[in-house]
Protein chains: 2
Amino acid sequence: MGLGVGRKRGEAVLEMADVIPEDAPIPDDLSWTLKRRPTINDVARLSGVSKKTVSRVINQSPLVRGDTRERVQKVIDKIGFEPDLQARGLASQRSFLLGLVYDNPNAQYVVKIQEGVLEASRRAGYELVVHPCDRTSPGLAAEVRHFVERQKLDGVILLPPVSENEQVAAELAEADCRYVRVLAAPIDRSSNTVLYYDWEGAAEVAEHLADLGHRKIGYIAGPRSFRSAHERDRGFRQGLARRRVGLDPALVEEGAYTFESGEAAAEKLLSRPDRPTAIFACNDEMAAGVLKVAYRMGLRVPEELSVVGFDDSPLASRLWPSLTTVRLPIKEMGQMAAEKLIQRIVNPGTPPATDSIVVARLVIRESTARAP
Amino acid sequence: MGLGVGRKRGEAVLEMADVIPEDAPIPDDLSWTLKRRPTINDVARLSGVSKKTVSRVINQSPLVRGDTRERVQKVIDKIGFEPDLQARGLASQRSFLLGLVYDNPNAQYVVKIQEGVLEASRRAGYELVVHPCDRTSPGLAAEVRHFVERQKLDGVILLPPVSENEQVAAELAEADCRYVRVLAAPIDRSSNTVLYYDWEGAAEVAEHLADLGHRKIGYIAGPRSFRSAHERDRGFRQGLARRRVGLDPALVEEGAYTFESGEAAAEKLLSRPDRPTAIFACNDEMAAGVLKVAYRMGLRVPEELSVVGFDDSPLASRLWPSLTTVRLPIKEMGQMAAEKLIQRIVNPGTPPATDSIVVARLVIRESTARAP
DNA sequence: TTCCCAGATGACACCGGTATCAAAACGCTT
DNA sequence: AAGCGTTTTGATACCGGTGTCATCTGGGAA
């Protein structure tokens, strides 16, 4: 038997000149490596084991003996082998790609969240494929499904408002694709969600304004179709109620989260005889519109009018006066979403972790002051 | 012979129940399709041809007879076959992925250019993998190379300032990876560049200010290390020269393209006894800083001080007063870059197209007026 | 009719990994 | 030394396409 083995080894050596004898050092001349990317076969040959064993090493399988693993690893390091993702994916039905689906390519937050997602996913060896889309498109769910199937994405992150679309989620579930949603309010018990509590920030806005003595408060809500707008609305009203300050329905406008809609709403509010002493606009864009109208009308901010925004976009700190607003840890949300997703991917059988929650917090700047 | 063929066909039919006889309609019951994604083998079997022929059809090879092509195509459509990108990539050394490399994830322009790139690349069936990086990192070139090789990207688009790094370009060339650079000024004769002529816009700024009667013009330059800053500088000086207006070196500051650096520079400029009547800041961020300082010092804009920015960022139109600035067709640049890249990929032997050029143009808003 | 050649098609190896399952090696008893 | 249950390891068939090259087909020329 022993002899038989010896013979086999011998044959192998004769056949493949490059094989490394049991205890000889790995050759230093690796000029041939330059010719092409090393493959798993090269590693196998050079370390005198089978492909499968190399495969086990690179996949950290525990079924490899310590010295074998070391030996193989040394060769891997030496020749700089990196597994081919396509081959790996083809064989194992993975792609090492994550997807990021969003609408609203203009929104600041996309870049930031993308940044966070990328940091986390890169750490785990995943790359990110981005996919902007139109949330109002009728074929959205199918489109997203096609996107993930085309690239066999290992998982997707859905940003609001796409994340609020149940069809998309259902389609992904059916396609058997893991996903994580970033949402303003829990939708189901799936626990694959990063929740951001806008409402807490909005409540803080209400309390802040109330505490400054404002009683006639104008309010520019966000579009009904956005979940976050709902949550901000809920929080704001709740905060006012806590301080026992009423909200005059006549001082409530609905905006579209755009600068222009903010201007329009502000014009209505500020041209009233009993004009408000403070205005809370549901995002910074609209708040910037309010500021502009105030200037045009010769109203001093914050002396005669306090203005509050939401989002802490770059805009907020660059306006004059700088905006009191509400900040979400956007980048961190991206990280959390990616980590959650990767966790689900690498550890499919794990008990579903609880939702991650981040809370929006008031940032006081120059645009708010005591009521006149 | 004819008999032989007939027999063969017959055998085939017997062996594979699903095969479609020469002129029989393709069966409508395709319930089995649901089981798994159809593969090229399914198509081949159902249409009674070999894999290779199907492959030819999906690759639009001209070596397929019209009726064969039709027959196969019909099956493809019917069962909704889509080639597996990983398998295809593994076999043909492609990936159908493009890369977008950028620094400065905060910059507005990244999202916009990304939008343009995505539109064009999606049209051509490519997906986009994004890769932010640190332009000052010493290992940048190697990192980018690793990025493209890991995913076997078919091509990369480099955005400034990464695009200005010759090492990165060299490394990519060595890795035999197609790339397109977005650049403010031509670097070589490679012609794989989308050029944006910042300098023309800057010249227009100079002329605009000169025409408004400004003679004492403050100038906040961008950081020397940025190519675009150079170009803006060149253009601005050129424009002034054309109008025979001098630029007092004492009124020149260098900023860092940040809001804060704009504030600092403006403070210096505006606290001089012979303070300028106009300030050109090399980007909108810094111009916003100038505006803020002007407010703080009680200077009215544009009556007492004209301010001009550059970039036409979202900020520019939302400030009060809205900024006169310079606009680049960012999204279009992204499209052009992607189209250029794809062109190179699908048509490798093509004579190198000339560089694409876009020109920055002045946008006059509210922040500039006649000199006092 | 026979020959020839271009156009169409197919058989089969291959891309670089993973999965399966059998075989080998190992450590301990008995 | 033989027996036996674990580790370790490897042979080989995939995954789903593409590339190569041989074969087949169908006119037109001889």
Side-chain angles (χ1 to χ4, degrees), chain A residues 1-9 11-12 19 22 36-45 47-72 76 79 81-96 149-152, chain B residues 1-2 4-6 8-9 11-12 19 22 36-45 47-72 76 79 81-96 149-152:
Chain A
M1 267 284 204
L3 204 95
V5 172
R7 191 147 23 127
K8 258 193 203 161
R9 281 263 159 72
E11 280 169 19
V19 86
E22 191 70 15
R36 55 173 175 66
R37 223 175 128 168
T39 75
I40 200 174
N41 292 303
D42 299 322
V43 177
R45 196 156 31 77
S47 48
V49 300
S50 72
K51 293 166 78 158
K52 183 62 211 184
T53 299
V54 178
S55 171
R56 290 200 180 93
V57 171
I58 62 187
N59 287 294
Q60 323 213 45
S61 155
L63 298 95
V64 190
R65 228 176 33 209
D67 57 334
T68 311
R69 172 187 309 285
E70 245 176 71
R71 202 177 154 61
V72 172
I76 290 177
I79 70 179
F81 164 73
E82 281 193 79
D84 180 306
L85 294 180
Q86 290 175 319
R88 218 176 177 184
L90 177 59
S92 64
Q93 307 298 339
R94 296 184 296 168
S95 66
F96 304 93
E149 292 194 328
R150 198 175 122 84
Q151 300 287 343
K152 288 215 210 86
Chain B
M1 264 289 203
V5 172
K8 258 192 203 158
R9 281 262 159 71
E11 279 169 22
V19 86
E22 192 70 15
R36 57 173 173 65
R37 223 176 128 166
T39 75
I40 198 173
N41 293 304
D42 298 321
V43 178
R45 196 158 29 79
S47 49
V49 300
S50 72
K51 293 166 79 158
K52 185 63 215 185
T53 299
V54 178
S55 170
R56 290 199 180 92
V57 170
I58 62 187
N59 286 294
Q60 323 214 43
S61 156
L63 298 95
V64 189
R65 230 176 33 211
D67 56 334
T68 312
R69 173 189 308 286
E70 244 175 73
R71 201 177 154 62
V72 173
I76 289 177
I79 71 178
F81 164 74
E82 281 193 80
D84 180 305
L85 294 180
Q86 289 175 321
R88 217 175 177 185
L90 178 60
S92 64
Q93 306 298 338
R94 295 183 296 167
S95 67
F96 305 92
E149 292 194 330
R150 199 175 121 86
Q151 300 287 343
K152 288 216 211 85

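The analysis underlying the following values was restricted to heavy atoms, covering all of them including side chains, and did not include hydrogens, waters or symmetry mates.
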Intermediate values then yes/no, side-chain contact (heavy atoms from CB on, under 4.5 Å), F96(B) and R88(B): CA-CA 9 Å; F96(B) 305 92; R88(B) 217 175 177 185; 3.9 Å; yes
Rounded to the nearest angstrom, tell me the gap between atom [atom1] in [X] and atom [atom2] in [N].
X: R45(B); N: dG17(D); atom1: CZ; atom2: P; answer: 13 Å
X: I76(A); N: dG17(C); atom1: CD1; atom2: P; answer: 10 Å
X: D84(B); N: dC14(D); atom1: CG; atom2: C1'; answer: 14 Å

Check ion pair D42(A)-R36(A) (N to O, under 4.0 angstrom): yes
Base of dG19(D) paired with side chain of K52(B) (donor-acceptor, under 3.5 Å): yes
Nearest to side-chain heavy atoms of I40(B), which nucleotide of dC15(D), dG16(C), dT18(D): dT18(D)
Proximity to the side chain of R88(B) - top-ranked nucleotide from dG17(D), dA19(C), dG16(C): dG17(D)
Which protein N or O atoms sit under 3.5 Å from an N or O of nucleotides 7-9 of chain C?
unit_1	atom_1	unit_2	atom_2	d
dT9(C)	OP1	T68(B)	OG1	2.5
dT9(C)	OP2	R65(B)	N	3.0

Distance test, side-chain N/O of N59(A) to OP1/OP2 of dT18(C), below 4.0 Å: yes
Phosphate OP1/OP2 of dT18(D) contacted by S55(B) side-chain N/O (<4.0 Å): yes
Derivation of the side-chain contact (heavy atoms from CB on, under 4.5 Å) call for R94(B) and K152(B): CA-CA 7 Å; R94(B) 295 183 296 167; K152(B) 288 216 211 85; over 6 Å; no
Inter-residue atom distance R150(A).CZ - L85(B).CG, 0.5 Å rounding: 5.0 Å
Which atom of L90(B) lies closest to which atom of A87(A), heavy atoms considered: CD1-CB, 3.7 Å
